Structures are given as structure tokens and as C-alpha cells.
Student: 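There's a structure below that I have some questions on.
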Amino acid sequence: MAVNHSVVVLAIGLALTLGILRPGLLADLQLLTVSGFIQIVPGLLAAIGRRRLLTAPGALAGLVTGEAVVTWLTLAEVETHHVNAGLVALAVNVLVAAAVTALFPRPAASPTMESTLGAHEDREHHRDHGPHRDCELRKDHEFRKDHEPRQDRGSKTRAAMTTEEGERP
């Protein structure tokens, strides 16, 4: 209970001191909140749709830079010639995000689970039945449909198939 009362007294004292020394602080905090919230917009807009316009490091770097710029412009009372500090910081945010995305592009796309499983089945088929002259490692439906031994086994794993056939996995 004593710690609680001490923290309350400290907070009230800090609020009183800042209110006397810095009367515009409440307005600055409100500007920081609104202008800081705007810095999320580029990352959100870049994430919408199928094609991602920014990488995660790019969006994060832009967000952090935008927040730093808006904090500096607001608390240092830098003159922005009647332009909102959030908009100035937003421009810096977009530039940094685009630059980081250009410098550190996305890694190459990894294969999907479906294509990986299909390739595994094809390699397994060639190991069991030998390579055919007219079929290469293709993952399309026609390749699997033309080879009967794959269809009668269904979607069982190699261990399940060998166990059914009486072999050890």
C-alpha cells in the first residue's frame, strides 16, 4: 500500500512540475499520438493485396524513422512552415521504407508444401520402378495418373506402405 501511495504522489508531483515548466506538453502529447499513429499507414497499405510492396525490415525501418522524426519535430518545436509534423515524418517514413526494401529485397520464394510433396512422390516412384524414357521429374497430375502403382497406394507414407507389405521401415 505504501508503494502505491508513493507512486501516486510521485506521478502527481511530476505532472504538476511539467504543467508549470512546460504548459504545452499536453498538446504536444496529443500531436505525438496522432502524428505517430499516422506512421503505421505505409506498412498497412503495403501489406494489402497479393503483391507486397515493402519487406518487413523496410516497413519496420520506415516506422521507427517516422516515429523518431515526428518526436523530434514535435518536442524540439522545429518550424515546419505550417505543415503537420506527422506528414513530414510520413514522407521520411516512406523514403526510408522504400530504400531499405530496395537494398534488402525479399528472399526467393520457397517451394510450397504441395510441390515439395509431389516432388518427393516422383523421386520415390523412380526409385521403386526405375526411370522411364518418356517421363521426367514432373509434378503435374498427368504423370501420377499414368502410373498405376502410385494410385493404389493412396496417400500413405513410405513407412506405412512398407509396414503393410511386411517390410521393416
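Given the structure is predicted, the values throughout are model-derived calculations rather than measurements.
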Student: Just so I know, are the side chains of Trp72 and Val78 near enough to count as touching, which here means a heavy-atom distance under 4.5 Å?
Tutor: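 Side-chain contact under 4.5 Å: yes.
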Student: Mind checking whether Leu95 and Leu103 sit in one hydrophobic cluster, side chains of I, L, V, M, F, W, Y counted as touching below 4.5 Å?
Tutor: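 No, separate clusters.
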Student: Please say which of Leu63, Thr65, Val69 ends up in a side-chain contact (heavy atoms from CB on, under 4.5 Å) with Val96.
Tutor: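 Of Leu63, Thr65, Val69, side-chain contact (heavy atoms from CB on, under 4.5 Å) with Val96 is met by Thr65 alone.
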Student: Taking Thr101 for the side chain and Thr55 for the main chain, is one N or O donor matched with an acceptor at less than 3.5 Å?
Tutor: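 The answer is yes, because a donor-acceptor pair under 3.5 Å joins these two groups.
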Student: Once salt bridge (charged side-chain N to carboxylate O under 4.0 Å, His left out) is applied, do any residues pair with Glu79, and if so which ones, sequence neighbours excluded?
Tutor: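 Not a single residue meets the salt bridge (charged side-chain N to carboxylate O under 4.0 Å, His left out) criterion with Glu79.
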Student: Closest heavy-atom contact between Leu54 and Pro42?
Tutor: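 Closest pair (atom of Leu54, atom of Pro42, distance): CD1-O, 4.0 Å.
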Student: Check which hydrophobic residues are tied to Val64 through side-chain heavy-atom contacts below 4.5 Å, counting indirect links as well, and list them.
Tutor: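 Traced through the cluster, Val64 reaches Leu60.
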Student: Should Val70 and Phe37 be counted in the same cluster of Ile, Leu, Val, Met, Phe, Trp and Tyr side chains packed under 4.5 Å apart?
Tutor: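 Looking at the clustering, Phe37 is in a separate group from Val70.
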Student: For residues Leu45 and Leu53, determine if any side-chain heavy atom of one lies less than 4.5 Å from a side-chain heavy atom of the other.
Tutor: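 Leu45 does not reach Leu53 side chain to side chain.
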Student: If you take all heavy atoms of Pro105 and Ala102, which pair is closest and at what distance?
Tutor: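 Between these two residues, the closest heavy atoms are CD-O, 4.0 Å.
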Student: For a quick test of reading the model, state the closest non-hydrogen atom pair linking Val100 to Ala61 and the distance between them.
Tutor: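 For Val100 versus Ala61, the nearest heavy atoms are CG2-CB, 3.8 Å.
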Student: Looking only at heavy atoms, what is the nearest atom pair of Val83 and Leu87, with distance?
Tutor: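 Closest pair (atom of Val83, atom of Leu87, distance): CG1-CB, 4.4 Å.
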Student: At what distance, to the nearest 0.5 angstrom, does CD of Glu67 lie from CD1 of Ile38?
Tutor: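 Going from CD on Glu67 over to CD1 on Ile38, the span is 10.0 Å.
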Student: Applying side-chain hydrogen bond (donor to acceptor under 3.5 Å, both in side chains) as the test, list every pair that has at least one member in residues 81-94; sequence neighbours left out.
Tutor: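 Every side-chain hydrogen bond (donor to acceptor under 3.5 Å, both in side chains) pair that includes a residue of residues 81-94, provided the two are not neighbours, is Ser35-Asn84, Gln39-Asn93.
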Student: Please check if Leu29 and Leu14 belong to a single hydrophobic cluster, counting links between Ile, Leu, Val, Met, Phe, Trp and Tyr side chain heavy atoms closer than 4.5 Å.
Tutor: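 Yes: a chain of side-chain contacts under 4.5 Å links Leu29 to Leu14.
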Student: For the atom pair CG (Leu73) and CG (Leu32), what is the distance rounded to the nearest 0.5 Å?
Tutor: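 Output value for this atom pair is 10.0 Å.
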Student: Could you tell me which non-hydrogen atom of Ala59 sits nearest to which non-hydrogen atom of Gly43, and how far apart they are?
Tutor: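 Of all heavy-atom pairs spanning Ala59 and Gly43, the closest is CB-CA, 4.2 Å.
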